[in-house]
Number of protein chains: 2
Amino acid sequence: MSRLNEDGREALNSSAYAILGLLAMGAQSAYELTRQMERTLRFFWPRAASKLYEAPKLLASLGLARATHESVGRRPRTRYQISPRGEEALQRWLGTRTIAPIELESEALLRVWFGRFGTIEDLRNAIQNVQAQAQANLRWGTSIAQEYLVEGVPPERGHISALTFRFLWDFNVMLEAWATWGQRELSGWGDVEPTAERMDRAAAILREALAERLSTPPSERSPG
Amino acid sequence: MSRLNEDGREALNSSAYAILGLLAMGAQSAYELTRQMERTLRFFWPRAASKLYEAPKLLASLGLARATHESVGRRPRTRYQISPRGEEALQRWLGTRTIAPIELESEALLRVWFGRFGTIEDLRNAIQNVQAQAQANLRWGTSIAQEYLVEGVPPERGHISALTFRFLWDFNVMLEAWATWGQRELSGWGDVEPTAERMDRAAAILREALAERLSTPPSERSPG
DNA sequence: TGGGTTATAGTCCCTTTGGGAGTATTGTGT
DNA sequence: ACACAATACTCCCAAAGGGACTATAACCCA
């Protein structure tokens, strides 16, 4: 992570830049990093809390952030602040054009995929699990959106936050819609056996998916 | 991973059960595991190829699979087959009700989130990156669906595959729709500055999201 | 028939990351 | 006054990522 790249500059990974970005957004302490993680970042860049205490130390050691050791009563506290060199490094990173692809990991979908080896109840439960998570996330999103609508969007970040919000919102709406659809598909099933009728329906599902895409011009493909 | 749990049985993790499930689906060799990973599993359970050679060894050592050492010419090959105890273990796992939540990881969205610190081109590029990935995935999905429609869906798995297919399809359709919407939102932007007008628009975006959900009854929320 | 390329079949090991356990002190509410 | 939540860390083992490396087999094309 702190090896040099060809330029003789530090080769940080995206997680380090994520921390640098949070410092640029005004996070002051490692604990504040953990709060940002809990509030927002975990939905698209989940990282272990313990690492959020390590990462800024590296940035400070490279001169990309300044660390100030204070104390509150008898307890130590380290305050971090992004440095001018850190801001440049962040900008340079944002200017690069190689971006790791989106990754999705879902144990629930894994269980659906293996649904044939369990019971119909197991299969329904896996789908139900996705639905519950989506609904919980949508409630969370609703509370954040309402907070912003009442108190005003963050003046420096609202325009950007809205883009990210819409992504996560759409994702969870999609999850819930898929789960609802899936439960409906399974509504007549008493088992998970592969019957001829179910194979026909499977083919129909594939055809519908392809047809929807052909029939919807890109200009109409937008949230809402 | 191979420690005992309370029952005196092996406490495998979900990745080990994923391998067990692939063996149950008929995968014979570690190489076939890597092909399943490339074809499908990577979209919702991405794992390093090197681990796909290690994992079945563990299963074999626990009696959940049988390993047969053959040779093709002068090259060794290990064939794996799930054992009756392995099938039971898989069923027991599918019967459990604790499921890890879905995790999403997107460097592109991270860059959007930090968009304020880069240029408008950087921001557009990050969104464009999501769009390109979604389109590539949809092409991939299209080719698989067409293959199934021409050659018939897999007779033992088609009914289950269709559920998983629809999930991944909807996910990528959502990604593309979001990216299209995002590019449109940015269409008038010459920079990433937080203007009053953009803050108003941000609030409107939040309101629209909340309103859409309130106005769409669950029964109408389904793919398509 | 030869030679290049892709597919098949692995091993090894260094780094990074996850994530739990442990330890305190400070602030808040009742 | 006491409990509980929030703040503020450190340490470390196990798991996972993932690149480097080595082969042979199978296939295709000239």
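Letters A, B, ... mirror the listed sequences (proteins, then strands); counts begin at 1.
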Handout entry: Whether over 12 other heavy atoms sit under 6.0 Å from B:Gln81 CD
Key = no
Handout entry: For atom CD of A:Gln28 and atom P of D:dA6, their distance in whole Å
Key = 20 Å
Handout entry: Pair B:Arg77-B:Ser29, side-chain hydrogen bond (donor to acceptor under 3.5 Å, both in side chains): steps then yes or no
Key = CA-CA 8 Å; B:Arg77 172 168 58 186; B:Ser29 66; over 6 Å; no
Practice task
Give a yes or no on whether the backbone of B:Glu193 and the side-chain of B:Arg198 come within a donor-acceptor separation of less than 3.5 Å.
Solution key: yes
Practice task
For C:dT15, take OP1 and OP2 only and decide whether either is under 4.0 Å from a side-chain N or O of A:Asn13.
Solution key: no
Handout entry: Separation of C:dA9 P from B:His69 NE2 (nearest whole Å)
Key = 14 Å
Exercise for the section: Could you check if a side-chain atom of A:Phe171 sits within less than 4.5 angstrom of a side-chain atom of A:Asn137, using non-hydrogen atoms only? Expected result: no
Detail all sub-3.5 Å separations between protein N/O atoms and N/O atoms belonging to nucleotides 18-25 of chain C.
residue : atom : partner : partner atom : Å
C:dG18  : OP2  : A:Ala48 : N            : 3.3
C:dG18  : N7   : A:Lys51 : NZ           : 3.4
C:dG19  : N7   : A:Ser50 : OG           : 2.7
C:dG19  : O6   : A:Ser50 : OG           : 3.0
C:dG19  : O6   : A:Lys51 : NZ           : 3.2
C:dT25  : O2   : A:Arg75 : NH1          : 2.5

Problem - All side chain to side chain donor-acceptor pair (under 3.5 Å) counterparts of A:Arg157, not counting sequence neighbours - result: none
Practice task
Establish, with yes or no, whether the OP1 or OP2 oxygen of D:dT10 is under 4.0 angstrom from a side-chain nitrogen or oxygen of A:Lys57.
Solution key: yes
Problem - A:Ser15 side chain near C:dT16 phosphate (N/O to OP1/OP2, under 4.0 Å) - result: no
Problem - side chain to side chain contact (heavy atoms under 4.5 Å, CB included) against B:Arg124, all qualifying residues, sequence neighbours excluded - result: B:Ile120, B:Gln183, B:Leu186, B:Trp189
Fill in the blank from the handout: Within residues 76-83 of chain B, those residues having any heavy atom closer than 4.0 Å to DNA chain D are none
Handout entry: Residues forming a side chain to side chain contact (heavy atoms under 4.5 Å, CB included) with B:Ala49, sequence neighbours excluded
Key = B:Thr34
Practice task
Name all residues meeting the side chain to side chain donor-acceptor pair (under 3.5 Å) criterion together with B:Gln131; count only those two or more places apart in sequence or in a different chain, and write none if there are none.
Solution key: B:Thr180
